[in-house]
Amino acid sequence: MPLRNLITHTPLLHKPNGTYKIGAFGSLSGYMRIQIAHKHKTTVGRKPKKKIYHRVQELDRVMELQKKPSLILRLISIVQSRKTESLLLRDLEKEVGFVQKWNYMAVIEKYPTIFRVIGGQADRSPPAVTLTEKAKSIAASETEARVQMEPVLVRNLRKLLMLSVDCRLPLGTVESIADELGLPSDFKNSIILKYPQFFTMNEIDRREYLNLENWDSSLAVTMREESLESPTPFGPSGRAKISRDGNFSGPFAFRLNFPVGFRPNMSYLEEVQRWQKLDFPSPYLNARQFEAADRKARKRAVAVLHELLSLTMEKRLTSGQIDGFHWEYRLPARLLLCLIKHHGIFYITNKGEKSTVILKEAYDGSRLMHMCPLLEFRDKFMALVGRNDAGSSSSIVTN
């Protein structure tokens, strides 16, 4: 008997439309063909030229690949949170809502290697979903993955606070990216209170803040700078010739990856090389010291965004999550245009429920190149369903 026949029916709810308006990002269409009008002198009858934002199918696919794992991991989390380690199917709607309920029911039916339905009409007990023995065995290894992740999480939280102008962030802002960082749901008790030498919490103007207790200069090194120590260079060195891919080996250069359809002319590449050579202050220096209009300060803002994304597990955040750091990180007022201008570093996709900013250098096609212990743990579940796409794990934490 199909699972949908085992639970009661409720009226259908309407979904919202696919247009998103998020803070400084403005409105992004679902087709991801963003058009930017270049400024021209006012001329009667003359329209400004427009520049098409080129899509990268492999990075769009990153968001497509995470949909099923996200449902699977969320359902595993719900089942494990129950004392009986099983969830009555009639209670599924209470957990995920009516619309999503049918997606989860389809997941239960499609992946019998992870989920098992017990009870039903045969033994007159209400039907429930639980994990298979193989899935339970994998779930048991989460504790070890969490132990391995803890020092990484403490380090990244400290760096996150060091990027802010006052070495503090609203607790709600940290909570908004907790899953993307890999923090457990009880991180206030299991991480913050466990390390009072690093973190404290207090209330300012009726808003709770997370504060950094001690500055550590050894942590004030960006992921970009650490990658420069790699023996493999990512661009031409010591040559006068302009690089056609925009890459340049130097202490202030970023790794660029232009989309396939993008054909820059020589003047554009010359400007990119000048920008690549331009020195700029560290993202870990207080932003109040610099004039926002200064070219070096604008390049520093790119470095702040680069570092913020680098601190997440899957090197991506939604536009709304990034916008939450706007004030404390002194991000550009026209943040969307900043990201679009530097499309060799960042990619914006509307595949998925919300617009998402991806750090391009972290991916080889659709594959995340470096996996943390928690992502490796999650991918074991994907192997149970015959799929082992490295980097395709969801950002939903299983607690």
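Of the residues listed (Asn350, Thr356, Thr349), the one engaging Asp60 in a side chain to side chain donor-acceptor pair (under 3.5 Å) is Thr349, and it is the only one. Screening Lys315, Glu361, Arg224 for a side chain to side chain donor-acceptor pair (under 3.5 Å) involving His306 leaves a single residue, Glu361.
Between the CD1 atom in Ile114 and the NZ atom in Lys136 there is a gap of 14.0 Å [rounded to 0.5 Å].
Residue Leu193 comes nearest to Met201 through the heavy atom pair CD2-CE, 4.3 Å, listed as atom of the first residue, atom of the second, then distance. Across all their heavy atoms, Glu314 and Tyr363 have their closest contact at O-OH, 2.6 Å. Closest heavy-atom contact between Gly182 and Arg146: O-NH1, 3.0 Å. Considering all non-hydrogen atoms of both residues, Phe377 and Ser141 come closest at CD1-OG, 3.4 Å.
Counting only heavy atoms from C-beta outward, the side chains of Ser310 and Leu359 approach each other to under 4.5 Å. Taking the side chain as every heavy atom from C-beta outward, Leu160 and Ile177 approach each other to under 4.5 Å. The shortest side-chain heavy-atom distance between Met149 and Met313 falls under the 4.5 Å cut-off. Under the 4.5 Å side-chain criterion, counting only non-hydrogen atoms from C-beta, Leu65 is in contact with Ser366. At a threshold of 4.5 Å between non-hydrogen side-chain atoms, the residues Lys188 and Leu171 count as touching. Val174 has its side chain within reach of Leu183: a pair of non-hydrogen atoms, C-beta onward, lies under 4.5 Å apart.
Using bins of under 30°, 30° to 60° and over 60° for the plane-to-plane angle, the ring pair Phe280/Phe254 lands in the parallel bin. Between His343 and Phe258, the ring-plane angle classifies as tilted under the 30° and 60° cut-offs.
Within the structure, the salt bridge (charged side-chain N to carboxylate O under 4.0 Å, His left out) test picks out the following pairs touching residues 277-295 (sequence neighbours left out): Asp166-Arg288, Glu271-Arg295, Asp279-Lys296.
Looking at Glu180 and Gln321, their side chains do bring a donor and an acceptor atom within 3.5 Å of each other. Between the side chains of Tyr195 and Glu150, at least one donor N or O lies within less than 3.5 Å of an accepting N or O. Judged purely by distance below 3.5 Å, without hydrogens or angles, the side chains of Glu225 and Thr222 pair a donor atom with an acceptor atom. A donor-acceptor contact closer than 3.5 angstrom links the side chains of Asp186 and Ser190.
Between Tyr53 and Phe262, the ring centre distance reaches or exceeds 6.0 Å.
Under the 3.5 Å distance criterion, the side-chain polar atoms of Glu307 are left unmatched by any main-chain donor or acceptor of Val304.
Tyr209 and Leu161 are members of different hydrophobic clusters when ILVMFWY side chains are connected at heavy-atom separations under 4.5 Å.
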